[in-house]
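Chain letters run A, B, ... following the sequence lines, proteins first and then strands; every chain starts at 1. Predicted, not measured: the structure shown is a model, and the values here were computed from it.
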Amino acid sequence: MQSVTVKEIFRETDRFLNQNIELSGWVRTVRSSKAFGFIEVNDGSFFENIQVVFEESLANFIEIGKLTISSALRVQGTLVSTPGAKQPFELKAEHIEVLSISAADYPLQKKRHTFEYLRTIAHLRPRTNTFAAVFRVRSVVAFAIHKFFQEKGYVYVHTPIITGSDAEGAGEMFKVTALDMEKPPRDDAGNVDFSKDFFGRETSLTVSGQLNVETYCMAFRNVYTFGPTFRAENSNTARHAAEFWMIEPEIAFAELKDNMNLAEEMMKYIIQYALDNAPEEMAFFNNFVDKGLFERLENILSSEFGHVTYTEAVDLLEKEKENTHFEYPVKWGIDLQTEHERYLTEKIFKKPVFVSDYPKDIKAFYMRLNDDAKTVAAMDLLVPGIGEIIGGSQREERLDILLTRMTDSGLDPEDYGWYLDLRRYGGVKHAGYGLGFERMIMYLTGMSNIRDVISFPRTANSCEF
RNA sequence: UCCUCGAUAGCUCAAUGGUGGAGCAACCGGCUGUUAACCGGUAGGUUGUAGGUUCGAGUCCUACUCGGGGAGCCA
């Protein structure tokens with residue numbers, strides 16, 4: 001008698017066919033009649049269920065026929081093939097032990113539920129087909145990302161979650177404090193005295209590991225971070241969360257072009273890895289979540305990403321203006337609106353497209369100033385359906401220009417001494433980008449709301465579970 | 001934060017300002033190959049919250065809460 005998983009049975013069927021085996025799992029559905037019945041069991045190891053046949057001869061036949069969904073079982077029996085049936089094989093039970101009976105008010109029914117409802121029972125939703133698929137793909141893709149960078153010799157850097165940098169510039173920050181919020185210590189001017197706080201200064205949760213990881217880039221050459229990120233923006237959209245995961249590679253002796261090449265190679269690697277290593281889950285998404293998914297992903301694997309500069313993009317969009325109505329005007333110097341980005345990637349290019357070399361005034365201080373002195377070596381990767389999935393740039397390595405850019409942006413160079421040191425001690429050209437992990441998962445699965453690709457999403461006005 | 005739409009049984013949805021229903025789930029029973037199993041029956045409601053208009057409000061009005069879609073911010 002061997003205890004096996006459903007995954008092993010599906011992957012190595014011949015080894016187990018006509019053998020006596022034992023498995024344990026949870027009831028997904030029971031269909032019973034007078035003298036026999038069927039149970040679909042999912043053991044968590046695999047996306048697919050296994051069908052268990054039970055007959056009158058079982059001592060607890062009546063009890064088995066009345067099992068509620070999500071009850072737990074241990075089944076012993078013979079695996080038999082079922083040619084011509086919907087399932088390839090089934091387990092003919094010789095003994096079924098009931099390990100746990102689920103209460104009758106179990107909220108998940110044998111029917112389709114809306115994603116909105118499932119969000120309210122986020123502790124139970126991984127038991128549904130869709131979320132089982134989402135979170136297995138999420139796990140597989142996290143591994144793929146590490147594998148991609150590790151195979152290239154990149155060093156994985158854990159940048160801090162708590163930061164003292166009060167102006168990373170990427171968004172509103174959550175404050176971290178150990179002070180008594182009821183009556184915090186105050187200075188002579190009546191302001192909260194953070195010198196009395198745990199760290200002796202004002203601190204926040206990180207909005208990006210980039211500035212920190214640049215320091216390791218100047219030591220290890222090629223590095224990446226992969227960790228949680230926090231933004232206290234009051235964003236209410238399907239693609240923003242207050243807590244999300246981000247991948248930030250940083251490469252030395254490299255320019256913007258190298259950065260874009262890396263991003264394209266990484267995207268393709270991840271897609272291929274997911275298709276190869278979660279085929280059942282990906283097929284499910286293609287069949288039930290997004291009918292055009294495979295076509296889209298395969299189109300990406302086999303084509304070069306588009307490249308366009310911001311200036312060219314503005315020209316293209318201005319030409320389209322005659323045929324299309326944009327709610328917001330397109331004009332050089334103004335950041336592209338979502339509708340413009342979507343038009344570029346969905347209508348003009350019909351594939352992922354890098355937009356590069358944005359006007360310096362709409363981008364961050366650390367992005368490298370181009371020779372025209374008007375634009376910076378920044379790049380966004382836009383993908384159909386999601387919009388911006390990657391944002392990156394070549395970093396300004398020239399100390400004098402960086403200082404000017406900081407001052408112009410209203411930042412105090414005093415606060416960035418360690419960052420400026422990188423330019424003083426062997427600073428070289430380097431570049432990097434941030435990939436929103438959840439946006440990648442959305443793109444890969446066709447799921448359209450970020451709340452449905454994070455186990456327990458944290459968004460404005462919502463921190464359940 | 002702004003615009004817009006919505007909230008009715010456990011779930012998905014009906015109900016002209018005039019007695020709140022259906023399908024599924026639950027429960028009881030039937031059925032010898034089901035696979036969103038099928039067939040019959042039973043039970044299930046302070047119509048999101050708080051006010052208001054009206055003889056009468058699920059339906060009209062106001063505020064709030066939560067959710068969907070769109071926008072801003074961005075990954």
| task | Determine the interplanar angle of the A/Phe148 and A/Tyr269 rings, folded into 0 to 90°, and report it as parallel if under 30°, tilted if 30 to 60°, perpendicular if over 60°. | result | tilted
| message | Classify the ring geometry of A/Phe230 against A/Phe174: parallel below 30°, tilted from 30° to 60°, perpendicular beyond 60°. | response |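 A/Phe230 and A/Phe174: perpendicular rings.
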| Is it the case that A/Tyr419 and A/Glu214 place a side-chain donor and acceptor less than 3.5 Å from each other? |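 Yes.
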| task | Scan side-chain atoms only and decide if A/Asp43 and A/Thr5 contain a donor-acceptor pair under the 3.5 Å cut-off. | result | no
Expressed in angstrom and rounded to an integer, what is the separation of [X] atom [atom1] from [N] atom [atom2]?
X        : N     : atom1 : atom2 : value
A/Ile450 : B/G67 : CD1   : P     : 15 Å
A/Asn234 : B/A71 : CG    : C1'   : 13 Å
A/Asn461 : B/C66 : CG    : P     : 5 Å
A/Asp380 : B/A75 : CG    : P     : 7 Å
A/Met367 : B/C74 : CE    : C1'   : 11 Å
A/Arg28  : B/A25 : CZ    : P     : 17 Å
A/Arg239 : B/A75 : CZ    : P     : 12 Å
A/Arg342 : B/G69 : CZ    : C1'   : 12 Å

Measuring only the [atom1] atom in each nucleotide, how far is [N] from [M]? A whole number of Å is fine.
N     : M     : atom1 : result
B/C73 : B/A15 : P     : 40 Å
B/C60 : B/G56 : C1'   : 13 Å
B/U8  : B/U49 : P     : 10 Å
B/G40 : B/A25 : P     : 13 Å
B/C61 : B/G23 : P     : 32 Å
B/U59 : B/U16 : P     : 12 Å
B/G10 : B/G18 : C1'   : 30 Å
B/U12 : B/U4  : C1'   : 24 Å

Let's test this: given Watson-Crick or G-U wobble pairing with both distances under 3.5 Å, identify the partner of [N].
N     : value
B/C55 : B/G18
B/A50 : B/U62
B/U1  : B/A71
B/C27 : B/G41

So, applying side-chain hydrogen bond (donor to acceptor under 3.5 Å, both in side chains) with [X], which one of [options] is it?
X        : options                      : answer
A/Lys268 : A/Glu265, A/Glu264, A/Gln272 : A/Glu264
A/Tyr224 : A/Glu250, A/Glu248, A/His146 : A/His146
A/Lys429 : A/Glu397, A/Gln394, A/Glu255 : A/Glu255

Base of [N] paired with side chain of [X] (donor-acceptor, under 3.5 Å):
X        : N     : result
A/His240 : B/C74 : yes
A/Gln109 : B/G10 : yes
A/Arg112 : B/C24 : no

| query | For atom NZ of A/Lys347, is the number of surrounding heavy atoms from other residues, nucleotides or ligands below 6.0 Å larger than 12? | reply | no
| said: Judged by each residue's nearest nucleotide on RNA chain B, which is more toward the 5′ side, A/Glu341 or A/Arg451? | reply: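 That would be A/Arg451.
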| Residue closer to the 5' end of RNA chain B, A/Val30 versus A/Ala241 (nearest nucleotide) |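 Here A/Val30 is the residue nearer the 5' end.
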Answer with base, sugar-phosphate or nothing: what part of the nucleic acid does [X] contact at a heavy-atom distance below 4.0 Å?
X        : result
A/Tyr106 : nothing
A/Ile390 : sugar-phosphate
A/Tyr117 : sugar-phosphate
A/Ile389 : sugar-phosphate

Less than 4.0 angstrom between a side-chain N/O of [X] and OP1 or OP2 of [N], yes or no?
X        : N     : value
A/Ser235 : B/C73 : no
A/Asn449 : B/G69 : yes
A/Thr338 : B/G72 : yes

| field | Minimum-distance nucleotide to A/Asn236 side chain [options: B/A71, B/A75, B/G69] | value | B/A71
| field | Side chain of A/Glu388 - closest among B/U1, B/G23, B/C74 | value |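 Nucleotide nearest to A/Glu388's side chain: B/C74.
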| task | Take A/Glu97 and A/Arg74 through the salt bridge (Lys or Arg N to Asp or Glu O under 4.0 Å) test and state the conclusion after the steps. | result | CA-CA 5 Å; A/Glu97 183 188 353; A/Arg74 182 177 292 123; 3.0 Å; yes
I'd like a table of atom pairs between the protein and nucleotides 26-34 of chain B - only N or O on both sides, under 3.5 Å - with the distance next to each one.
from, atom 1, to, atom 2, distance (Å)
B/C31, OP1, A/Lys34, NZ, 3.1
B/C31, N4, A/Ser32, O, 3.3
B/G33, N1, A/Glu90, OE2, 2.9
B/G33, N2, A/Glu90, OE1, 2.5
B/G33, N2, A/Glu90, OE2, 3.1
B/U34, O2', A/Arg31, NE, 3.2
B/U34, O2, A/Arg31, NE, 2.8
B/U34, O2, A/Arg31, NH2, 3.0
B/U34, N3, A/Gln51, OE1, 3.1
B/U34, N3, A/Gln51, NE2, 2.9
B/U34, O4, A/Gln51, NE2, 2.8
B/U34, O4, A/Gln87, NE2, 3.2

| When the aromatic ring centroids of A/Tyr156 and A/His158 are compared, is their separation below 6.0 Å? |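 Close enough - the centres of the two rings lie under 6.0 Å apart.
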